[in-house]
There are 2 protein chains.
Amino acid sequence: MRERPVTIDPADWVCPLPLRETKRIVLGHGGGGVLSEELIENLFLPAFGTAGGPARDSALLDVPGGRVALTTDSYVVQPLFFPGGNIGDLAVNGTINDLACSGAQPIALTAGFILEEGLELDVLGAVAQTMGKAAADAGVAIVTGDTKVVGRGGADQLFVNTAGVGVVPAGVDIGPERARPGDHIIVSGKLGEHGVAIMSVREGIDFGTVVTTDSAPLHHLVAAMLGVGDPSAVHVLRDPTRGGLVASVVEIARAASVGVELDEARIPVPETVSSACSFLGLDPLQVANEGKVVAFVDPAHSEEILDVMRSRPEGADAVIIGRVVGEHPGMAVAKTAFGTMRVVERELGEQLPRIC
Amino acid sequence: MRERPVTIDPADWVCPLPLRETKRIVLGHGGGGVLSEELIENLFLPAFGTAGGPARDSALLDVPGGRVALTTDSYVVQPLFFPGGNIGDLAVNGTINDLACSGAQPIALTAGFILEEGLELDVLGAVAQTMGKAAADAGVAIVTGDTKVVGRGGADQLFVNTAGVGVVPAGVDIGPERARPGDHIIVSGKLGEHGVAIMSVREGIDFGTVVTTDSAPLHHLVAAMLGVGDPSAVHVLRDPTRGGLVASVVEIARAASVGVELDEARIPVPETVSSACSFLGLDPLQVANEGKVVAFVDPAHSEEILDVMRSRPEGADAVIIGRVVGEHPGMAVAKTAFGTMRVVERELGEQLPRIC
């Protein structure tokens, strides 16, 4: 039997546990102990800014009385990084936009992470910094958070949930059931870029030109639209994410029991998106967007609202793409380039999984 | 070459896609299309009750002006079902308790699901029903939600995030920095049951007696405590989840720069928990609880607050377990059964991963 060494040369010693020097997430980062605290203090608080405040179970907000909007969205996009953005700004902008589409001005976000053991801290740090920057740019604070870690293979790198709270100004009444015959349907810009940006990197397909995500916050655009005379002239707002424009208008047609008539020739789809979609066999009107809004507005105010939208960068390409009709309630149709009408219907599932 | 059949006997026909008749989650359930809508209408809305209301991007709440608490927590517990509960009531009670420990009365919750393709709908249905029942029992509505689906192996069955909003009554000021020398430290009941319940089923260990989770909502108990004369007599509230009692008191000692002195003989740990912990090599004071609160209160009011706590089932076993001192700021010590003092310190990571 070989004699055991009595002393260990420090140069030969290897720490048996991946402790503070770790470059990767370990299970203990989700344990509520010292490692959790270090992750919050050294990674999340610097990334999110001082708004994170002292560690508490909840954040406290000063809210004026009235209607408050509350929303939640989990983000599981793969890959985490894609042209024009990453899962971090997507998670901030997406939840801001859900609030904006209720007519609310966002005041605070939460961030709940589910991390896979072994995730590189650099990746988490880059995502968190992007979230902090997106939130600061939007003027909305990330006020509280949570981190859980699951073992290797228990999750796919990083998922993040953002919930958001916003305040709905008096006089604003937005909801899918408010669509009514005669309404003009406006889209704030070009469609399909987010989904195509994800597909291009996921499948390694080179479409010639790089299509970047359109991820952007829309609450300032919405505030401007609601500031045009009578705020009740805006009946419905929807951000056409999963399921794209088609899912949005069909859901609204069903909720309000009205018909929707789109004019395909007027719907702005960039050439790069339409060629990528024809290559992949996708319908660009069903591809997700992350920085666009579809609005159903009183026709008496639609030109005025369009002008206000076009005066802002997020709405520079806004156009009227259709109208609400009393016929075929619950159904959307589109006038094709040939002048014929076709029914537009949602996918059963999805064209592109995990795009948000 | 074998001749191809011209007709297919319907009995031999198999649908190539797992459509409506599916018993399992498919990617399309997260796609924002028809399958998503069916999942919401047929599974989530019946489970959560009509409070879900019409499908919107956000839920609208009527909130009185003042301070609003906002919190988020993701739940990744494994297994999903354990003695006394499942991930569903854990996710509802856990977020209610985070709000309660800010002194807030909860008014609404969100539910964000991340599902693994192939998850049985029966499992999701049971979890959702449990969430709906827990929310109804607590008198708090689940008002909005989100579902994402990732491919097989991309997640471990089912994760759920709940965010919550609550209203903090006037005069209530609760926070870890409010602990001050002289405060009595109260715990609302017996410690360690949740963590041991999870371990017993996860590792298939038979401890003789079944230990069930203590998962329970605490907002009514907290309201009763705050109703005792001066609500500002309650300085700090904390639910000792991950990291258990030790993590809670150490964090509070650090936040307030005070010392904490616990009396081990007074800390209520059930015999079943202490024997299971000694078998597993765990410290019961660091095991997670899901239905207990630790309170730091003005000593002039502690007996009164104890009486009120003991008059309710959630606080029937409430006891004073220690006090706040001016010495050793940022540190917690415990008087042992031998009359000596020991330093209590948090784990670096966690004793038990994925217990919530």
Side-chain angles (χ1 to χ4, degrees), chain A residues 26-28 31-35 54-74 76 98-99 101-102 104 108 110 112 114 143-146 148 150 153-156 159 161 163 165 168 175-177 241-243 247 251 255 346-350 353-354, chain B residues 19 26-28 31-35 54-65 67-74 76 98-99 101-102 104 108 110 112 114 143-146 148 150 153-156 159 161 163 165 168 175-177 241-243 247 251 255 346-350 353-354:
Chain A
V26 297
L27 281 173
V34 175
L35 284 173
R56 287 174 184 250
D57 285 322
S58 314
L60 295 181
L61 313 171
D62 280 314
V63 171
R67 284 176 306 156
V68 163
L70 175 64
T71 191
T72 185
D73 247 323
S74 298
V76 299
D98 279 346
L99 292 171
C101 287
S102 297
T110 68
I114 297 174
V143 294
T144 189
D146 173 59
K148 295 293 189 312
V150 300
D156 193 358
F159 302 143
N161 174 285
V165 167
V168 183
E177 72 287 351
T241 57
R242 287 181 289 182
E251 280 169 31
R346 295 170 295 171
E347 295 279 317
L348 196 61
E350 58 194 331
R354 296 183 67 180
Chain B
L19 297 186
V26 298
L27 282 172
V34 175
L35 284 171
R56 286 174 185 251
D57 285 322
S58 315
L60 295 182
L61 313 170
D62 279 314
V63 171
R67 283 177 306 157
V68 163
L70 175 64
T71 191
T72 185
D73 247 324
S74 298
V76 299
D98 279 346
L99 292 172
C101 287
S102 298
T110 66
I114 297 174
V143 294
T144 188
D146 173 58
K148 295 292 190 311
V150 300
D156 193 357
F159 302 141
N161 174 285
V165 166
V168 183
E177 71 288 349
T241 57
R242 286 181 289 182
E251 280 170 28
R346 294 170 294 171
E347 295 279 318
L348 196 61
E350 59 194 329
R354 296 184 66 180

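For clarity, every value in this text was computed on a predicted model and none was experimentally measured. Order of the sequence lines sets the chain letters (A, B, ...), proteins ahead of strands, with each chain counted from 1.
- Counting heavy-atom pairs closer than 4.5 Å to chain A, the top residue among B/Thr241, B/Leu99, B/Val168, B/Leu27 is B/Leu27.
- Looking at A/Val150, both its backbone and its side chain come within 4.5 Å of chain B, counting heavy atoms on both sides.
- Qualifying side-chain hydrogen bond (donor to acceptor under 3.5 Å, both in side chains) partners for A/Thr110, counting only residues two or more places apart in sequence or in other chains: none.
- When each of B/Gly349, B/Gly31, B/Ala247 is scored by its heavy-atom pairs under 4.5 Å with chain A, the top score falls to B/Gly31.
- For A/Ile114, the part lying under 4.5 angstrom from a heavy atom of chain B is the side chain only.
- Contacts between A/Ala69 and chain B at a heavy-atom distance below 4.5 Å involve backbone atoms as well as side-chain atoms.
- If you measure heavy-atom distances from A/Asn161 to chain B, the contacts under 4.5 Å come from the side chain alone.
- Interface summary for chain B: among A/Gly33, A/Ala155, A/Ser74, the most heavy-atom pairs under 4.5 angstrom belong to A/Ser74.
- For B/Val68, the parts sitting under 4.5 Å from any heavy atom of chain A are the backbone and the side chain alike.
- Pairs passing the salt bridge (charged side-chain N to carboxylate O under 4.0 Å, His left out) check and including a residue from residues 63-74 of chain A, sequence neighbours excluded, read A/Asp73-B/Lys148.
- Judged by distance alone, the side chain of A/Arg346 and the main-chain N or O of B/Val34 form no donor-acceptor pair under 3.5 Å.
- A distance-only check finds a donor-acceptor pair linking the side chain of B/Ser58 to the backbone of A/Asp98 [under 3.5 Å].
- For A/Pro64, the part lying near chain B is the backbone, with the side chain staying farther off; criterion is any non-hydrogen pair under 4.5 Å.
- Comparing A/Gly243, A/Gly112, A/Gly66 by heavy-atom pairs within less than 4.5 Å of chain B, the highest count is held by A/Gly66.
- Of the listed residues (A/Leu70, A/Thr71, A/Asp156), the one with the most heavy-atom contacts under 4.5 Å to chain B is A/Leu70.
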